[in-house]
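Inspection log for the structure reproduced underneath, given as structure tokens.
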Amino acid sequence: MTHPAITGTGVFTPAQSISNDELVVAFNAYADRFNDAHAAEIAAGEVEPKPHSSADFILQASGIEHRYVMDKEGVLDPDRMYPRLDPRRDDAPSIMAEMGLDAAKKALEQAGRDGEEIDLVICAASNHERPYPAVAIEIQQLLGAGGFAFDMNVACSSATFGIQAAADMIRGGSARRALVVSPEICSGHLEWRDRDCHFIFGDVATAVVIEPADEAKGTRFDVVSTRCATQYSNNIRNNHGFLRPVHDQMEDRRDMRFMQNGRKVFKEVLPLVSAHIAGHLDSAGWSADDIKRLWLHQANKAMNDFIGKKVLGRTPEDGEQPNILQDYANTSSAGSIIAFSQNSDDLAPGERGVICSFGAGYSVGSVLVERA
Ligand code: CO8
């Protein structure tokens with residue numbers, strides 16, 4: 001049987017970033033304007049005033065210090081509070097395809113491959129720029145790749161679910177060499193006017209090359225095993241969809257963007273993920289002592305500290321469970337891949353690790369890898 005391996009990864013990082021201080025100044029200006037505009041209703045108890053946000057709270061509650069975005073100006077404009085991204089002509093590539101292409105080229109370069117050698121492109125992300133034609137097919141065309149391409153969405157777990165799909169297709173013979181691309185424009189789907197979540201997300205794109213281990217040209221991580229699981233929860237939700245116009249409710253409704261019950265997510269996802277990783281290690285015959293590194297989904301530092309401790313049975317040592325969320329914030333499906341891409345070069349042959357993402361659905365995906 002063909003054994004799949006990860007032979008390249010790439011990260012596209014947007015040019016603009018926003019610090020917590022900058023974000024809070026913009027939010028507080030927006031809140032002041034809102035409160036002034038609704039002073040009478042607030043005094044009458046009909047409208048809730050908007051309290052100020054705090055950079056100290058954000059750092060302490062999440063570990064996030066900065067986030068990269070595709071457009072800073074629109075996000076920080078108190079009269080707008082959304083990125084401003086130009087619509088694309090029908091004959092121009094989508095923004096997501098361009099971000100994904102940059103990450104894909106870096107991943108291909110690391111693998112020593114050309115675009116024409118790819119015969120499967122999966123665009124695995126939380127949101128897609130349009131229903132069709134697929135972003136993945138645009139990337140396939142821009143790279144000169146063959147075979148087939150498709151978009152898929154499992155929210156924050158999209159990349160690991162995509163890696164499982166690609167690895168299974170390579171094992172089964174329906175694809176030879178795959179790219180799993182995760183462009184995330186979270187800024188377009190975040191409610192920047194909501195103090196509870198305005199600090200959570202950032203934009204980025206990642207790409208992973210997966211091919212038969214015995215064809216790898218350079219260093220590789222063998223994909224030893226993958227496992228995906230879902231369990232229904234409406235605690236992370238987004239009600240926007242193609243049926244929105246037929247509801248005759250086109251106003252700016254809060255539930256048309258990312259919503260979550262953060263406390264519940266925190267409490268419920270921790271045991272789910274810890275048990276998932278433990279069960280996956282167990283069925284592969286690996287023990288916690290075999291794990292050199294955990295590349296976790298990047299949502300919250302305290303959450304990752306807890307999962308690392310639970311999985312390893314002790315507090316992770318420096319570098320064993322690298323976080324990138326302080327610089328990137330939560331980049332949805334891309335987070336664990338950025339952590340892997342930036343913190344895996346130093347593993348020696350035979351050393352093992354787990355890439356694990358988790359999020360809305362709920363969903364959790366883990367990939368056991370071994371440096372060859
Ligand atoms: N500034 C100051 N105070 C604040 C702020 C703020 N910005 N926000 C909240 N507070 C206040 C609250 O009002 C509350 O006050 P009080 O105690 O008086 O009621 C207090 O601070 C505590 O609030 P919380 O309980 O909400 O704070 P937490 O400590 O729970 O921290 C977190 C909030 C950081 C959100 C935390 O709950 C968390 O990280 N939860 C898990 C989140 C998570 O992992 N989510 C994953 C979802 S992502 C996903 O699956 C992909 C979705 C697709 C991406 C779409 C792109 C947009």
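Note that the numbering runs from 1 along the sequence shown for the chain. Note that ligands are numbered from 1 as they come in the structure, with each ligand's atoms numbered from 1 the same way.
- In the vicinity of Ser332, heavy-atom distances shorter than 4.0 Å reach the ligand 1 atoms 51 (C), 53 (C), 54 (C).
- There is a protein heavy atom closer than 4.0 angstrom to atom 37 (O) of ligand 1.
- Proximity annotation for atom 45 (N) of ligand 1: of His52, Gln260, Glu184, Gln260 comes nearest, heavy atoms only.
- Taking the centre of each ring, Phe199 and Phe27 stay at or above the 6.0 Å mark.
- Among protein heavy atoms, atom 28 (P) of ligand 1 sits closest to Arg263 NH2, 3.6 Å.
- Asp203 and Ser187 form a side-chain donor-acceptor contact under 3.5 Å, judged by distance and modelled atom types alone.
- Nearest protein heavy-atom neighbour of atom 9 (C) of ligand 1: Asp196 OD1, 3.3 Å.
- Given atom 55 (C) of ligand 1, the protein heavy atom at minimum distance is Asn127 ND2, 4.0 Å.
- By the criterion of a heavy-atom distance under 4.0 Å, neither the backbone nor the side chain of Arg257 is placed next to ligand 1.
- Applying the salt bridge (Lys or Arg N to Asp or Glu O under 4.0 Å) rule to Glu73 yields no partners; only residues at least two apart in sequence or on another chain are considered.
- A donor and an acceptor atom, one from each side chain of Ser336 and Gln298, are nowhere located under 3.5 Å apart.
- The aromatic ring centres of Phe258 and His189 sit 6.0 Å or more apart.
- For atom 49 (C) of ligand 1, a protein heavy-atom neighbour is found at a distance under 4.0 Å.
- Selection from Gln60, Arg195, His198 by nearest heavy atom to atom 13 (O) of ligand 1 gives Arg195.
- For atom 57 (C) of ligand 1, the nearest non-hydrogen atom from the set Cys186, Ala302, Gly361, Cys156 belongs to Cys186.
- Annotation: atom 31 (O) of ligand 1 to nearest protein heavy atom, Ala61 CB, 3.8 Å.
- A pairwise comparison of heavy atoms in Leu294 and Pro322 identifies O-CD, 3.4 Å as the closest pair.
- Per-atom contact check: atom 17 (O) of ligand 1 does not touch the protein, criterion being a heavy-atom distance below 4.0 Å.
- Nearest heavy atom pair, residue Val273 against residue Cys356, reads CG1-SG, 4.0 Å.
- Considering only non-hydrogen protein atoms, atom 53 (C) of ligand 1 sits nearest to Ser126 OG, 3.6 Å.
- Closest protein heavy atom to atom 1 (N) of ligand 1: Ser54 N, 3.1 Å.
- Evaluated by nearest non-hydrogen atom to atom 39 (O) of ligand 1, the leading choice among Asn304, Asp203, Ile185, Asn300 is Asn300.
- Regarding atom 44 (O) of ligand 1, its nearest protein heavy-atom neighbour is Ala299 CB, 3.3 Å.
- Closest of all the heavy-atom pairs between Asn343 and Arg293 is O-NH1, 2.9 Å.
- Nearest non-hydrogen protein atom to atom 40 (N) of ligand 1 is Gly262 O, 3.1 Å.
- For atom 33 (C) of ligand 1, the nearest protein heavy atom lies 4.0 Å away or farther.
- Of the listed residues (Phe27, Phe57, Phe201), the one carrying the non-hydrogen atom nearest atom 20 (C) of ligand 1 is Phe57.
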